[in-house]
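Some notes on the structure that comes next.
Atoms within a ligand are numbered from 1 in the order they appear, just like the ligands themselves.
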Amino acid sequence: MSVDYMKIGGAFMDKKYNPYDNMLQVLTNAADLLGLKESDYIAVKYPERELKVAIPVEMDDGSVKVFEGYRVQHSSSRGPCKGGIRYHPDVDIDEVKALAAWMSLKCAVVNIPYGGGKGAVKVDPSLLSRNELKRLTRRYTAMILPLIGPEKDIPAPDVNTNAEIMGWIMDTYSMFKGYAVHGVVTGKPVEIGGSLGRSQATGRGVMLMAKEILRRLDKPIEATTVAVQGMGNVGATAALLMYQQGFKVIAVSDVSGGIICEEGLDINEVVEFIANKKRLLKDYKNDKVKFVTNEEVLTCDADVLVPAALENQINENIVQKIQAKIIVEGANGPTTFEADKVLDKKGIAVIPDILANAGGVVVSYFEWVQNIQSLTWDEDEINRTLEKIMTRAFDEVWQVSKERNVSMRIAANMVALKRIVTAKNLRGIFP
Ligand code: NAD
């Protein structure tokens, strides 16, 4: 067997921006506004644990490739760490640390009893066969096994991972334990302990947050146009649910580029087209649509922009060209710190990632609760409770934003940081 090391390619993220620095800048700003001394929140600036693993995988041709993987636990002050697993060729430790910290803040802002974690493997899964992907997932799970568990750290899907992969993680963990442990991972297939409503939950949360902000700004849904960047789990669901609510979705994009139709896209048709995972928007055929770049989608003349792809998409290079009046962040960290300041100055209302895309972790929490109690809830109950939690969180953030005259991003970080610091202080420092 030959051994070679994975080559990193296909970079489309600009690594000039360090997402962990981005997270720290916002956190520090929120801490200052809360009047916290550095000693009150210094521990929140550092992840509790960082694990880096080497994952050897036997490829279908008999060769062995070694992939790099990570699991970061940012904070367990409010409960077990919770956070997705990303497969992406450009991922690095700073990105995973930032994503883990955002999970702590996200769980705190919606007030569910979790801390934050995140995992990733540096891999382009489109280059692997299904069996290679399965072996990679099982070996990665074995390598991070000492850290995960229903009481400790519970992974979930993120970019390029899905319910099937969560099923393999659950099975691998269960084989080590000797019995089925459903609660070790969320976002599983419903047949093996997944929750109804989980696959749509993040996009549903985005749609609910868009409706809430329109209500506050006294704008009707029907006259509101939308552009969505990214047509994966989050973006496609958000586009579909917003379309069903009466929004006019005029532009969407994926990694291959974007499509625009000023009269409004037929989102049912677009989502059906890309439902086959191998299909990209560049191959969508409809005489009414114009093919454009991703940047043209981000900067098009839509009222609401939903970035739902990756980090740092709204950055200094394009922020001045943004025309939307409302941004609902489906992705984690889609806006850089500097670009955010410009959006604020331009008076653009931004519903920040830690609030806007929290629907996924809220229903993951429901899934975990059902798993540990061996219960199943019906979908209506799940969607109703999700809406209750998301709108309550929106109200709290909105109120702080108005009272303190700060952006919703700063307000959300203030609400979240206060909860994390309170939990840390109540527990005290060990020993
Ligand atoms: P996904 O892999 O299902 O979809 C990602 C989409 O983005 C794909 O359509 C892909 O083609 C597109 N894309 C990739 N690079 C792009 C680029 N440069 N320009 C435009 N489009 C591009 O991933 P997902 O689960 O939908 O996650 C998307 C974002 O939402 C990530 O930031 C993730 O962390 C965040 N998020 C996901 C969940 C969840 O439940 N899946 C929850 C909260 C936050």
Shortest reach to atom 26 (O) of ligand 1 by a heavy atom, considering only Asn294, Leu280, Val234: Val234

Sub-4.0 Å heavy-atom contact, Arg86 with ligand 1: yes

Contact (N/O only, under 3.5 Å) between Gly235 and ligand 1: no

Ligand 1 to Met231 polar contact by distance, N or O atoms, under 3.5 Å: yes

Nearest option to atom 31 (C) of ligand 1, as decided by whichever heavy atom of Ala309, Pro334, Gly333 sits closest: Ala309

Per-residue contact class, Ala308 against ligand 1 - non-hydrogen pairs under 4.0 Å: backbone

Which segment of Arg198 sits under 4.0 Å of ligand 1 when only heavy atoms are counted: side chain

Distance-only side-chain donor-acceptor flag, Asp303 / Thr225, under 3.5 Å: yes

Residue selection (non-hydrogen contact nearest atom 13 (N) of ligand 1) among Asn332, Val255, Leu281: Val255

Any Glu295 heavy atom less than 4.0 Å to ligand 1: no

Side chain to side chain contact (heavy atoms under 4.5 Å, CB included), paired with Ile314, selected from Leu305, Asp340, Thr299: Leu305

Ser253, any N or O under 3.5 Å of ligand 1 N or O: no

